[in-house]
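Start at 1 and go down the list; that is how both ligands and their atoms are numbered.
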Amino acid sequence: MPAQLPPLPRLIAHRCGGVLAPENTLAGLHAAAARGFSAVEFDVMLSADGTPVLIHDETLERTTNGIGRVCETPDAVLFSLDAGQGERIPALAEAAALCQQYGFLANVEIKPAAGHEARTAEVVARFVVEHWGFGVPPLISSFSPEALATAKRIAPQLQYGLLYESVPADWLQQRANFGALTLHCAACELSDVVLKEAEAAGVPVLCYTVNDPGEAQALFARGVASVFTDRLDLFA
Ligand code: G3P
Ligand code: MG
């Protein structure tokens, strides 16, 4: 897989299908496709059995009817939970299959539980190399520098994005260290200085989470390449 980005769509469905389905579920991927989205973002964490699954929080309570930490919950329990509207927590393998079926550009956000940064990145990177065999290769990002560095070491041929809330002053140095292709940050934290630096370096900037089409237009006018949105219903 070449470390080259496909053309970035302006709109990326956040946590699979945003508000159209329970977050980080296969129903969200179907909904994103039905709305005509060509790119999706989702969060990946390891179960107690080391299976990469789609979930945002370290704990189960907010998005499922389970309790406790995801990283301490075995697959047999995890996959029996209701993640909303009868949806299950998906395995990364299931999400990848749908991404390939729909031709999505996927932004796989490695979301390690605390203390599991390297192991989570290792599993995700190996999964992508071994099983994401066709279709558009995913763009991998993480708030965890350790996770990003580990994934990059294991799979230097994949595509990486730097992910921050607020972009640090030394981001260009970090970009060089990680060999990252894109810069992801909170829309409300994006400065014109960073935008100028990104433009000069040829780095596409992707902003989350933008739920107002007017705000999205303003960001595009400033030079932002793409926005992550929950409001698929307002954009498509
Ligand atoms: O990857 C962009 C965005 O998803 C980061 O924030 O908390 O929604 O995973 P969060
Ligand atoms: Mg995310």
Side-chain angles (χ1 to χ4, degrees), residues 5 8-26 28-29 31-32 37-46 52-64 70-71 83-84 89-90 92 95-96 99 104-114 116-117 120-121 124-125 128 137-148 151-152 158-168 171 174-175 178 180-190 194 198 203-212 215-216 219 224-232 235:
L5 276 177
L8 283 170
R10 287 200 148 185
L11 301 174
I12 302 171
H14 187 227
R15 301 185 192 176
C16 287
V19 297
L20 296 184
E23 70 178 51
N24 286 315
T25 63
L26 299 184
L29 295 179
F37 276 65
S38 60
V40 295
E41 180 267 359
F42 48 77
D43 309 293
V44 178
M45 195 177 295
L46 297 186
V53 300
L54 272 59
I55 194 161
H56 181 276
D57 296 3
E58 283 198 39
T59 50
L60 293 161
E61 283 82 349
R62 182 179 64 83
T63 57
T64 78
V70 176
C71 66
I89 294 173
L92 175 59
C99 287
F104 285 144
L105 167 64
N107 174 199
V108 176
E109 185 193 329
I110 302 172
K111 190 77 100 180
H116 297 255
E117 289 81 2
T120 308
V124 171
V128 171
L139 176 61
I140 297 173
S141 62
S142 184
F143 284 113
S144 162
E146 185 183 354
L148 208 59
K152 179 78 182 183
L158 300 182
Q159 310 170 116
Y160 293 93
L162 290 177
L163 173 58
Y164 306 106
E165 186 171 347
S166 175
V167 180
W171 77 271
Q174 295 195 37
R175 177 218 175 205
F178 289 118
L181 295 174
T182 52
L183 173 64
H184 310 198
C185 70
C188 57
E189 298 284 345
L190 180 63
V194 166
V203 177
V205 177
L206 289 66
C207 288
Y208 64 88
T209 304
V210 180
N211 291 332
D212 172 7
E215 185 190 355
L219 288 164
V224 168
S226 307
V227 297
F228 300 91
T229 187
D230 294 318
R231 294 304 306 268
L232 282 65
F235 282 94

>> F104: which residues meet the ring pair (Phe, Tyr, Trp, His ring centres under 6.0 Å) condition with it, sequence neighbours left out?
In response: Y102
> Closest approach of N24 and H56, non-hydrogen atoms and distance?
Replying inline: ND2-N, 3.5 Å
>> At less than 4.0 angstrom from any non-hydrogen atom of R15, what atoms of ligand 1 do you find?
In response: 7 (O), 8 (O), 10 (P)
> For ligand 1, which atoms, with element, lie under 4.0 Å from some heavy atom of E41?
Replying inline: 1 (O), 2 (C), 3 (C), 4 (O)
> Are the side chains of T63 and E23 in touch, meaning some heavy atoms are under 4.5 Å apart?
Replying inline: yes
> Does Y208 use its side chain to pair, donor to acceptor, with the backbone of H14 at less than 3.5 Å?
Replying inline: no
> How about V227 and L11: do any of their side-chain heavy atoms sit closer than 4.5 Å?
Replying inline: yes
> Can you name the nearest heavy-atom pair linking F143 to P145, along with the distance?
Replying inline: O-CD, 3.2 Å
>> Is the ring pair H184/F228 parallel, tilted or perpendicular, if the boundaries are 30 and 60 degrees?
In response: tilted
> Is any protein N, O or S atom closer than 2.8 Å to the Mg ion (ligand 2), and if so, which?
Replying inline: E41 OE2, D43 OD1, E109 OE1
> Any idea which part of D43 is under 4.0 Å from ligand 1, heavy-atom wise: side chain, backbone, both or neither?
Replying inline: side chain
>> So if I count the atoms of ligand 1 from 1 in the order they appear, which ones are less than 4.0 Å from some heavy atom of H56?
In response: 7 (O), 8 (O), 9 (O), 10 (P)
> Does the S142 side chain pair with the main chain of I110, one donor and one acceptor, at a distance under 3.5 Å?
Replying inline: yes
> What's the shortest distance from atom 5 (C) of ligand 1 to any protein heavy atom, and which residue and atom give it?
Replying inline: E109 OE1, 3.4 Å
> Counting each atom of ligand 1 from 1 as listed, which ones have a heavy atom of K111 under 4.0 Å away?
Replying inline: 7 (O), 9 (O), 10 (P)
> What part of H184, side chain from CB on, backbone N/CA/C/O, both or neither, has a heavy atom under 4.0 Å from ligand 1?
Replying inline: neither
> Out of V210, T209, N211, which one pairs with R231 under the side-chain contact (heavy atoms from CB on, under 4.5 Å) rule?
Replying inline: N211
